[in-house]
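Numbering starts at 1 and runs along the sequence shown. These numbers come from the heavy atoms of this one structure, side chains and all, not from hydrogens, waters or symmetry mates.
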Amino acid sequence: MPTFELTLSAFKFPKDLDNNKANFRLIAELRYVAGDGTLATTQAILPGLDTYWECDRNRQKESNYVRGKDEGSWGTIDIGRVDAWDRLIFLLPASKLHSLQFKIFDVNRTDGWDKIRNALSSITEAIFEEAKKLLPGMFGSAPDDVKSFLLKKWAGGDDLLFKGSFMFGDEITGIFKIAGAYEIHFHVDEHKI
């Protein structure tokens, strides 16, 4: 079975976005066909639970400042400033990729959820894996829905700036983009491991 590597290659946002809205966390949700032929879903938070991408021009000295050059009406993230670990969206074995959805959140720089995220981030995946073992198929997609809801909360709350999806067709490898009020470019490689 192939292993697919999905990597962020570009992120663009409206260049005139208010500075207090120019700090981002992204949730990526991937639907794929697992090795046993079942449809599965996995999620990731970019750049992670413990940080966010700062693009406020007044915060250039911050360690997580990644704003790049403007391109026409777009502000960009300088992907060269983003650590390779934080660019990796997913690395997983799958028979086939079905669809990918991104949600972009404006992050309130410090709030109560940050403290909860920090306390729970190390045990989050273990909790969800145990829940799946205890509730295999019993409630349909309920465990994934709960996980999606909690990830949304942990990613920055309810201030959703953009949601966009991509459906994989015959071409599964290459560079793809999700476009709208924001643009997300991602690269998919297939590895035989």
L30 and L6: CA distance, side-chain angles, deciding distance, side chain to side chain contact (heavy atoms under 4.5 Å, CB included) verdict: CA-CA 10 Å; L30 177 68; L6 288 78; 4.3 Å; yes
Pairwise side-chain contact, I89 with F102, heavy-atom cut-off 4.5 Å (strictly under): yes
Interatomic spacing from CG in D106 to NZ in K21 - rounded to 0.5 Å: 4.5 Å
Shared hydrophobic cluster, L160 / L49 (ILVMFWY, side-chain heavy atoms < 4.5 Å): yes
Side chain to side chain, L161 and Y182, heavy atoms closer than 4.5 Å: yes
Minimum heavy-atom distance between M1 and P93, given as atom pair plus value: SD-C, 3.8 Å
Spatial distance of atom OG1 (T51) from atom CG (D83) [nearest 0.5 Å]: 11.0 Å
Backbone N/O of N20 and side chain of D18: donor-acceptor pair under 3.5 Å: no
Single-linkage hydrophobic cluster I172~F166, side-chain heavy atoms < 4.5 angstrom: yes
Cluster overlap V66 with I79, hydrophobic side-chain contacts below 4.5 Å: yes
Backbone N/O of G75 and side chain of R67: donor-acceptor pair under 3.5 Å: no
Gap separating the OG1 atom of T76 from the NZ atom of K15, nearest 0.5 angstrom: 11.5 Å
Flag, side chain of R25 to backbone of I104, donor-acceptor distance under 3.5 Å: no
Gap separating the NZ atom of K163 from the CD atom of Q101, nearest 0.5 angstrom: 5.0 Å
Any donor-acceptor N/O pair, S9 side chain to H185 backbone, under 3.5 Å: yes
Side chain Q60, main chain R57, donor-acceptor under 3.5 Å: yes
E29 vs K103 side-chain heavy atoms within contact, under 4.5 Å: yes
Backbone N/O of A34 and side chain of S95: donor-acceptor pair under 3.5 Å: yes
Working for side-chain hydrogen bond (donor to acceptor under 3.5 Å, both in side chains), residues H187 and D189: CA-CA 7 Å; H187 190 264; D189 286 315; 3.2 Å; yes
Parallel, tilted or perpendicular: ring planes of F24 versus F11, cut at 30 and 60 degrees: perpendicular
L26 vs W53 side-chain heavy atoms within contact, under 4.5 Å: yes
W74 to E183 - nearest heavy-atom pair and separation: CZ2-OE2, 3.7 Å
Residues T38, V33; criterion side chain to side chain contact (heavy atoms under 4.5 Å, CB included); working and verdict: CA-CA 6 Å; T38 61; V33 178; over 6 Å; no
Exam field: side chain E54 to backbone D56, donor-acceptor pair closer than 3.5 Å: yes
K96, NZ: over 12 other non-hydrogen atoms inside 6.0 angstrom: no
For A94 against F4, the heavy-atom pair lying closest together: O-CE1, 3.4 Å
Hphob cluster co-occupancy, Y65 + L17, side-chain heavy atoms under 4.5 angstrom: no
Stepwise side chain to side chain contact (heavy atoms under 4.5 Å, CB included) check, L8 with I184: CA-CA 8 Å; L8 184 71; I184 300 161; 3.7 Å; yes
Atom CZ of R87: over 12 foreign heavy atoms under 6.0 Å: yes
Whether T173 side chain and V188 backbone form a donor-acceptor pair below 3.5 Å: no
Cluster check I178, F168: I/L/V/M/F/W/Y, side chain < 4.5 angstrom: yes
Sidechain-backbone polar pair: K177 side chain, F186 backbone, donor-acceptor under 3.5 Å: no
Spacing of CD belonging to E190 relative to CG belonging to L97, to within rounding of 0.5 Å: 8.5 Å
Nearest-0.5 Å distance that lies between atom CG in N58 and atom CG in N19: 5.0 Å
Side chain to side chain contact (heavy atoms under 4.5 Å, CB included) assessment of I77 paired with C55: CA-CA 8 Å; I77 282 184; C55 295; 4.0 Å; yes
